[in-house]
**Student:** 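First the structure, then my questions, so here it is.
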Amino acid sequence: MSVVAPGELRRFAEAFAPLVECGGVTHGAVRACATPAEAAGWLALVLREQQAQRVLAASRPELAAVVALLRRELDSLTVIDPSAPPSLQQMAELDAGLGGADLLVAESASLILTRSLHEPWALSLLPRVHLVVTEAGRIVPRLADALSRLPAGDFTMITGPSRTADVEKTLVVPAHGPAQLFVAILP
Amino acid sequence: MSLAALRARIRAAVADPALARPYENATARGRARREQSIARMPDWAEQRASATAIRHEAVERLDELGAAFERNFAAAGGCTWHAADATEACRIVVTILQEHGARSAIKAKSMATEEVHLNAALQRCGIDAIETDLGEFIVQLAGQTPSHITAPAIHLTRQQIGRLFADKLGVAYTDDPVELTAIARRALRQRFLGADAGISGANLLIAETGELVLLENEANIRMCLTLPRLHVAVAGIEKVIARRADLGPLLAVLPRSATGQEMGTYVSVVGGAGPPERHVVLLDGGRRRIHADPVRREILACIRCGACLNACPVYERIGGYAYGSVYPGPIGSLLGPHGIGIDAAAGAALPFASSLCGACRDVCPVGIDLPELLREGRERYVRGSGGVARGHTDGDGVGGRDTSGAQAPAAGAGRLEVLGWSAWAFVLSRPRLFHFVAGAGRAILRRATGSGGGTRAAGGSGNARPRSRLAAALVGGWTLGRSLPTPARRSFLKEWERRERAAGTRRPAA
Amino acid sequence: MRIHLFVPCFVDQLAPEVAWSTVRVLERLGHAVVVPRGQTCCGQPAFNSGFCDQGRAVGRAWLRAFADAETVVVPSGSCAGLVRRHYPAFFADQPQAASAADLAARTFELSELLVDVLRVEDVGARCEAVACLHDGCHGLRELGIHDQPRRLLANVSGLQLVELPRADLCCGFGGTFAVKLPELSVAMADAKLETIRGAQADLLISGEVMCLTHLDARVRWRGDGLDRGHLRVLHLAQVLAGDGGERPA
């Protein structure tokens, strides 16, 4: 991955802010963290505020340091074992899913996830809180840049928490998916 | 549906006071959000031009790209099916579900499945299919159909939805959108986890990679695509695009046009590999007939964003149901005569449900010339009746002979209307005759409006209606809600001619 | 400049004063106005109703009447739009293809002729009113006429122009649409009138006689005068002529 221009991180954060606003309530945040310790500290705080006990983390390598630190504060945190994936019911009973992102698109503040045994789709789908730990080097300016880098295979692009406007076009967060989206971006 | 039948439906919609406000509010919000999101975008014109080029190219290469999609989707392990029409599409979906022993299905919002009336077919076969998009869930619960392509429950107020939920779900009444959404979330959670199959449409099909692309906000589509062991998508054959890279411009224009979002909350791109086991039912349903017609072909470029509905002053007044088609609004009025969303004969008159104001063309993100296609659709309607053949000319080109070979739907212009227009053209292509007839017409109308050139009737129904049957025939439906205009005593052209004659010559040029 | 005037059929029959005003505006600017004999209508009602052969028959007469015109002016964006944007296609496979394409390029709506061709934005008119402007759909969307009438009106002394919310909202006239689907056409007029009521203006200006006729007829039928007495309607040409379009004695 190429080194991201600092402006892209700012653009990502600027585009992210309105995505988590709904009716005066904030449904997430993005934070540039200098170290895994800072990310772990922030996420621990988030999880306490969200009263999230049951947390499952993806077994992605870039998450390892943060997860290790986080487990010291939250002993109910478990990590996915790719050889024995959790059932849907188990995933549905989680309070939070901690995952990563393969690429980030600055212009729309989108997270792109590709299919991986280390992070089942349901981790970013069923729990009420979706936490993401990723790296600034994965930010690309525009969607076109992401499309040209993505490998073959399924991917999903996530832009903010789940929402709907089907009742009188009034925006409501969440609909069926995560209500909260927190993104920690490491250097 | 003849024009008269269409008018009756529209008359009823216009007269229904409960309809006006929800549509007016919802379309206003839709327009405002779209405009705001585009105003924030520095390169809207470029992205729109790219999206237009991509879709028009795809439509031109439909057969080739469709074949490539199938090849690549199948190579990865997916199954593709061909459905010539709605019946076949339903039969295929039911067969796939039954062969997999699927008894329950979660459905993602899909206009293609609405078009083929899949829910009814599934119900008949004992398959429990539940709509999971909030708007679709509401509409299904109410026993209705969507009233808008991208906002299915646009016609219902929060109070109506509150009463519906209280009645059908046994919850306490609330009209708070936040609580209503939470109720639906709770009601559907276990259904998501336990369903045997997911059923969806597709926003786009990528030929190069054999992938489906689906946009949404709620996360219900992601669940339909990933949680059950079986996924069946129903998609119109025209949804294909050449390349993954085409998503750049298309995803730049589609969410903005649909909901005014910079990006849909969730964009899923899935190929044939799975899991789950994936099937795609490619629906013709009249699309190949459109494709075979070079004039109509660009209709297939549509990406179903619904912007033309929000922009349309007719949709805003009559709402989604008055059109009588699964696809309302300007785009629906183009699809209808080809039997998409409504029986072809019933949809034949739909191109008349427009004032041809062109607002739809302004907002279309893929450059479809909707008003011109609507106008051309009227020509077809007229020809369909055994009226006038295209290109048929005699002398002044006026005639009522039918040489079109009438592949006609039941509708079309009546003999009388054809005669009327032919007489109109006969008169208007002969200036002297025209001025004579027009003078007589003005005199009749002036008498009818009781205007000796003086004051005009001030409102009220009685004194503004034409007083003679002849006058009534001249003005047609004008006086249903409008006073008669008072024609001029003297025509400008006649007066000018008289002055020129009096001056003995043409006025000197400056 | 010699300018050929096309007087749309409904202007000639319902509002000839608009044609007189057009003549006066152009003559005052020193141009010679020619009114070709043999003109009746551009054929739009038939074209838009699906009767293209009949439309072409009338269009052929129009092409004959204006055959030797260098510049054609029309006090209607709708009729000018039909000639400019649609004649080339309607006559593409006809003997008149060349003349249709040729005249299409030389036909202008009044405000675009003044502003874009003649480079005039101040015609020296006066009109005491708080006015709003309704953009005719075809002028706006087929010819891109938006700024031209506003610039001309900005220079009319005494005139205060209030921008309508949704100035581009169709009034619901739509040609034969108004009589084929009258209930809808009237409902659309009511929606348009709601926006005009909100603007608190005492004069409605438009470049389209039929939009004005349609709205005026609806106001008179309702009899509520939009709460402010009768809504006064004037065609742009009448405002620019500064005389309400009276026929000269």
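Every heavy atom of this structure was used, including side-chain atoms; hydrogens, water molecules and symmetry mates were not. Throughout, protein chains are lettered first and strands after them, A, B, ... in sequence-line order, and every chain is numbered starting at 1.
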**Student:** What distance separates C:C41 SG from B:W424 CH2, expressed to the nearest 0.5 Å?
**Tutor:** 4.5 Å

**Student:** With a 4.5 Å cut-off on heavy-atom pairs, point out which of B:R378, B:R7, B:R11 contacts chain C the most.
**Tutor:** B:R7

**Student:** Restricting to side chain to side chain donor-acceptor pair (under 3.5 Å), what partner residues turn up for C:Q96, sequence neighbours left out?
**Tutor:** none

**Student:** Using the test side chain to side chain donor-acceptor pair (under 3.5 Å), find all partners of C:S99 that sit at least two apart in sequence or belong to another chain.
**Tutor:** none

**Student:** For C:R166, is it the side chain, the backbone, both or neither that has a heavy atom under 4.5 Å from a heavy atom of chain B?
**Tutor:** side chain

**Student:** Let me know if C:L169 has heavy atoms under 4.5 Å from chain B in its side chain, its backbone, both or neither.
**Tutor:** side chain

**Student:** Please identify, among C:C137, C:A61, C:P182, C:G174, the residue contributing the most non-hydrogen atom pairs under 4.5 Å to chain B.
**Tutor:** C:P182

**Student:** Is it the backbone or the side chain of C:S78 that comes under 4.5 Å from a heavy atom of chain B, or both, or neither?
**Tutor:** neither

**Student:** When only pairs under 4.5 Å are counted, which of B:R31, B:E372, B:H435 shares the most heavy-atom pairs with chain C?
**Tutor:** B:R31

**Student:** Which answer fits C:L5, side chain, backbone, both or neither, if we ask what part of it has an atom under 4.5 Å from a heavy atom of chain B?
**Tutor:** side chain

**Student:** Does B:G481 offer a backbone N or O that forms a donor-acceptor pair with the side chain of C:R218 under 3.5 Å?
**Tutor:** yes

**Student:** Is it the backbone or the side chain of B:E316 that comes under 4.5 Å from a heavy atom of chain C, or both, or neither?
**Tutor:** side chain

**Student:** Is a donor on one side and an acceptor on the other found under 3.5 Å between the side chain of C:Y87 and the backbone of C:C42?
**Tutor:** yes

**Student:** Report which part of B:F434 has an atom under 4.5 Å of a heavy atom belonging to chain C: side chain, backbone, both, or neither.
**Tutor:** side chain

**Student:** For B:L356, is there any backbone N or O sitting under 3.5 Å from a side-chain donor or acceptor partner on C:H138?
**Tutor:** yes

**Student:** Among B:I10, B:L493, B:V14, which residue forms the greatest number of heavy-atom pairs with chain C at distances under 4.5 Å?
**Tutor:** B:L493

**Student:** Side chain from CB out, backbone as N, CA, C, O: work out which of these in C:H214 comes under 4.5 Å of a heavy atom of chain B, or both, or neither.
**Tutor:** both

**Student:** Counting distance only, does the side-chain N/O of C:H235 pair as donor-acceptor with the main-chain N or O of C:G207 below 3.5 Å?
**Tutor:** yes

**Student:** Taking every heavy-atom pair that is under 4.5 Å apart, which of C:P45, C:A191, C:G59 has the most such pairs with chain B?
**Tutor:** C:P45

**Student:** Donor-acceptor pair, distance only, cut-off 3.5 Å: does the side chain of B:R442 make one with the backbone of B:R490?
**Tutor:** no

**Student:** C:F10 versus chain B, heavy atoms under 4.5 Å apart: side chain, backbone, both or neither?
**Tutor:** neither

**Student:** Any side-chain donor-acceptor pair under 3.5 Å between B:S491 and C:Q13?
**Tutor:** no

